[in-house]
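Structure record follows, encoded as structure tokens.
Each ligand, and each atom within it, is numbered from 1 in the order the structure gives.
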Amino acid sequence: MSPLAKELFYLLHTGNLHSGESLAQHFGVTRQAIWKAINELKTGALVETIGRQGYRALYSYIPLSREAILSTLNESLVDNVITLIDVTSTNEEIAKLPLTKALVMVSEMQTNGRGRNGKVWISPLARNLYFSMRIQFKAQALANLTSFSPALGIALVEYLQSKNIPAKIKWPNDIWVNGAKLAGILIETSAKSEHEVEMIIGIGLNNHPLADDNLAQNKATSIYEISGEAFDRNALIADIIQLISNLRDQYEAFTPPNIVELWNKNSALYQQKIRLFSPNREIIGTEIGIADNGALLIQHEDGSIQNYFSGELSLRAYA
Ligand code: BTN
């Protein structure tokens with residue numbers, strides 16, 4: 001994004017109308033330059049032209065702010081929080097940085113957002129949360145970490161419920177509300193040395209009105225669509241950092257949460273007939289819970305029970 005489009009992004013966040021003339025004067029550039037920069041924001045479905053009167057954002061938004069995020073956080077939780085306007089993928093870029101203890105990267109948009117199983121994560125400007133946090137565990141914690149992904153999904157679901165969002169988890173860690181996807185989590189784990197394991201946790205959460213392409217491609221929902229008001233993403237980010245840090249501490253202390261119990265309360269498809277898809281077969285059965293190592297328990301039609309691990313599998317309600 002050009003430097004002028006970035007400046008306009010911050011100026012337009014209130015949703016007020018600005019004439020091309022006043023913007024040109026404000027930035028000391030031509031109206032043509034303003035028009036070009038506005039068009040960059042239009043590709044992000046952020047700005048509209050109001051006849052001959054000027055331009056305004058389609059909705060008001062609070063830009064990401066490092067200071068606002070850090071202001072409510074205990075300093076010892078993160079080494080740094082990096083806020084960007086555009087990036088290929090926060091998961092991809094955060095992996096390239098040197099890590100000390102914990103690092104966070106958030107962006108207003110992603111040009112190559114990544115979902116699970118090689119899918120694309122549509123990431124339009126200012127609408128949503130695109131969050132990555134990079135943390136470390138001692139190698140001894142590795143054996144337990146297979147359950148970290150559903151444990152984080154459950155923690156996020158319970159957090160959203162505390163904010164009156166009726167969220168449920170769909171295995172392995174999709175966040176659903178009323179049958180539509182609100183958020184997704186992409187976790188990438190790697191061994192850094194004999195003693196250390198590194199985890200990159202990527203979270204995408206739909207916050208503002210959905211862009212049309214998002215609706216068409218996925219059965220998606222957003223905080224705004226559910227409650228009529230978007231979250232302040234800066235406060236949300238601080239809360240998620242706290243939530244992930246607490247969970248990491250629990251795993252490091254070998255006292256992970258009891259996901260077996262928590263799952264049944266919070267699963268969107270618990271005790272329901274489901275289809276489980278793998279690249280080369282389809283399994284039909286009933287979801288009857290989760291094992292403490294994070295495997296999904298499916299009862300087949302012949303009554304037998306089998307454990308399934310995430311990998312390339314995807315789960316749907318049987319309909
Ligand atoms: C899913 O497929 O459900 C997981 C989606 C994860 C998307 C987030 S957005 C921030 C981070 N950066 C990425 O490229 N992906 C994750």
### Message
With a 4.0 Å cut-off on heavy atoms, is E92 in contact with ligand 1?
### Response
no
### Query
Are any of the side-chain heavy atoms of F27 and S22 separated by less than 4.5 Å?
no
### Task
Assess the side chains of E225 and N206: does a donor N or O sit below 3.5 Å from an acceptor N or O?
no
### Task
Return yes if a side-chain donor-acceptor contact under 3.5 Å exists between S89 and Y130, otherwise no.
no
### Query
Any idea which part of S123 is under 4.0 Å from ligand 1, heavy-atom wise: side chain, backbone, both or neither?
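For S123, there is no contact with ligand 1 at all, from either part.
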### Message
Is the contact between N117 and ligand 1 made by the side chain, the backbone, both, or neither, using heavy atoms and a 4.0 Å cut-off?
### Response
neither
### Task
Around atom 9 (S) of ligand 1, find the nearest protein heavy atom and jot down its residue, atom name and distance.
Q110 NE2, 3.4 Å
#### Entry: atom 10 (C) of ligand 1: the protein heavy-atom neighbour that sits closest, reported with distance to 0.1 Å
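For atom 10 (C) of ligand 1, the nearest protein heavy atom is T90 OG1, 3.2 Å.
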### Task
Check whether any N or O atom of R114, backbone or side chain, sits under 3.5 Å from an N or O atom of ligand 1, and answer yes or no.
yes
### Task
Give yes if a backbone or side-chain nitrogen or oxygen of N112 is under 3.5 Å from a nitrogen or oxygen of ligand 1, and no if not.
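There is no such contact.
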### Message
Check this for me: does any side-chain nitrogen of one of E287 and K170 sit under 4.0 Å from a carboxylate oxygen of the other?
### Response
no
### Summary
Near R116 (heavy-atom distance under 4.0 Å), the atoms of ligand 1 are 1 (C), 2 (O), 3 (O), 4 (C)
### Query
Within the distance-only criterion (no hydrogens, no angle test), does the side chain of E252 pair as donor or acceptor with the backbone N or O of A141 below 3.5 angstrom?
no
